[in-house]
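In listed order, ligands and their atoms are each counted from 1.
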Amino acid sequence: MESIPVDQPVRAAAELLGRARRVVVFTGAGMSAESGVPTFRDALTGLWQRYDAQALATPEAFRADPALVWGWYEWRRHAVRLARPNPGHRAVAAIQARVPGTVLITQNVDDLHERAGSPDPLHLHGSLFAPRCSACAHPAPMQDEPADGRRVSPPECARCAAPVRPGVVWFGEALPGAALEAAVEAASSCDLLVTVGTSGLVYPAAEIPQVAARLGAAVIQVNPEQTPLDPIAEVNLRGPAATVLPALVDAAWGDPAG
Ligand code: APR
């Protein structure tokens, strides 16, 4: 799609948002980029610079080198603890406050939506804050704040002594059934879906906006780059989430914070 000035599409999107009754907001790594949380496609630094994030986020990588993978996730958890929600996260919470029943679906494993005031997002890819046993799935307590950039042997499960693993969904693993089911249900029954900061490449999550569009919902996309979701979006807002989302809320209701 050709590039168009942002204010005219923002007005068109605000009109859709202002009259929507059942809204879904669907977010990806770009949502947290301006909070300083690196996306999976950013180059890694320090100890991990010779690794590819997508190669570390697999069950095979954890089995082959648990201390490397656990250390990497502890470092990511540390980075998220230091990060703050950005105005885009707050604008999403404002949409939820304005349109009761709005369902927030996120692929992010951080907790920035919650900290911005969004109650109970559906975490399709799990959470950095829910470690569990790699064998028996017993929940494990979080340990002390990790030091930056080092290998850390995972703790042992208190019940069966197998290594504890991060509570995230790795490549090749199934998504949490209840969250996926609730997400598909919300996407199937909404009249507007706002997709923010996702490349739309990772399935099955990328199905969510497709399901909404197929069943007749309008789709608004917020992303500075083109994505495979461009063709299904009625309005493409080509800009960063922390700027575009407050502008959208402002245009819909006359107040960037809702
Ligand atoms: N505002 C909005 N979008 C942005 C911003 C920003 N400030 N910065 C980057 N983006 C966009 C990029 O253009 C890209 O399309 O965010 C998208 C990030 O894409 P990915 O890194 O692929 O993130 P995501 O779509 O969430 O990936 C899905 O794959 O890596 C795995 O499990 C991981 O949940 C993740 C999943």
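The distance criterion of under 3.5 Å between nitrogen or oxygen atoms is not met by Thr227 with respect to ligand 1. Between Ala241 and ligand 1, at least one pair of N/O atoms sits closer than 3.5 Å.
Distances from atom 34 (O) of ligand 1 to the heavy atoms of Glu173, His125, Gln221 put His125 nearest. For atom 18 (C) of ligand 1, the nearest non-hydrogen atom from the set Ser32, Gly88, Gly197, Gly28 belongs to Gly197.
Ligand 1 is never approached by Leu201 to a heavy-atom distance shorter than 4.0 Å.
Counting non-hydrogen atoms of other residues, nucleotides and ligands closer than 6.0 Å to CD of Glu181 gives a total of 12 or fewer. Within a 6.0 Å sphere centred on CZ of Arg22, other residues, nucleotides and ligands contribute 12 heavy atoms or fewer. By the 6.0 Å contact criterion, CG on Asp65 is enclosed, its count of non-hydrogen atoms from other residues, nucleotides or ligands being greater than 12.
Set against the non-hydrogen atoms of Ala29, the atoms of ligand 1 under 4.0 Å away are 21 (O), 23 (O), 24 (P), 26 (O). Listed by number with element, the atoms of ligand 1 under 4.0 Å from a non-hydrogen atom of Phe171 are 30 (O), 31 (C). Applying the 4.0 Å criterion to heavy atoms of Glu34 picks out, from ligand 1, the atoms 1 (N), 6 (C), 7 (N). Of all atoms in ligand 1, numbered sequentially from 1 with element shown, those under 4.0 Å from a heavy atom of Pro240 are 1 (N), 6 (C), 7 (N). Proximity to Glu225 (heavy-atom distance under 4.0 Å) selects the following atoms of ligand 1: 13 (O). Residue Gln107 approaches ligand 1 through these ligand atoms, each under 4.0 Å from one of its heavy atoms: 28 (C), 34 (O).
Taking 4.5 Å as the limit, every side-chain heavy atom of Ser153 sits out of range of all side-chain heavy atoms of Trp70. Using a 4.5 Å heavy-atom cutoff, the side chains of His123 and His113 are not in contact. Contact of the Cys133 side chain with the Arg159 side chain is not registered, since no non-hydrogen atoms from C-beta on lie closer than 4.5 Å.
Heavy atoms of Thr198 found under 4.0 angstrom from ligand 1 belong to the backbone as well as the side chain.
Atoms CZ and CG, from Arg77 and Leu82 in turn, are 11.5 Å apart once rounded to the nearest 0.5 Å.
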Residues 200-214, side-chain donor-acceptor partners within the protein, below 3.5 Å, at least two apart:
unit_1, atom_1, unit_2, atom_2, d
Tyr203, OH, Gln210, NE2, 3.4

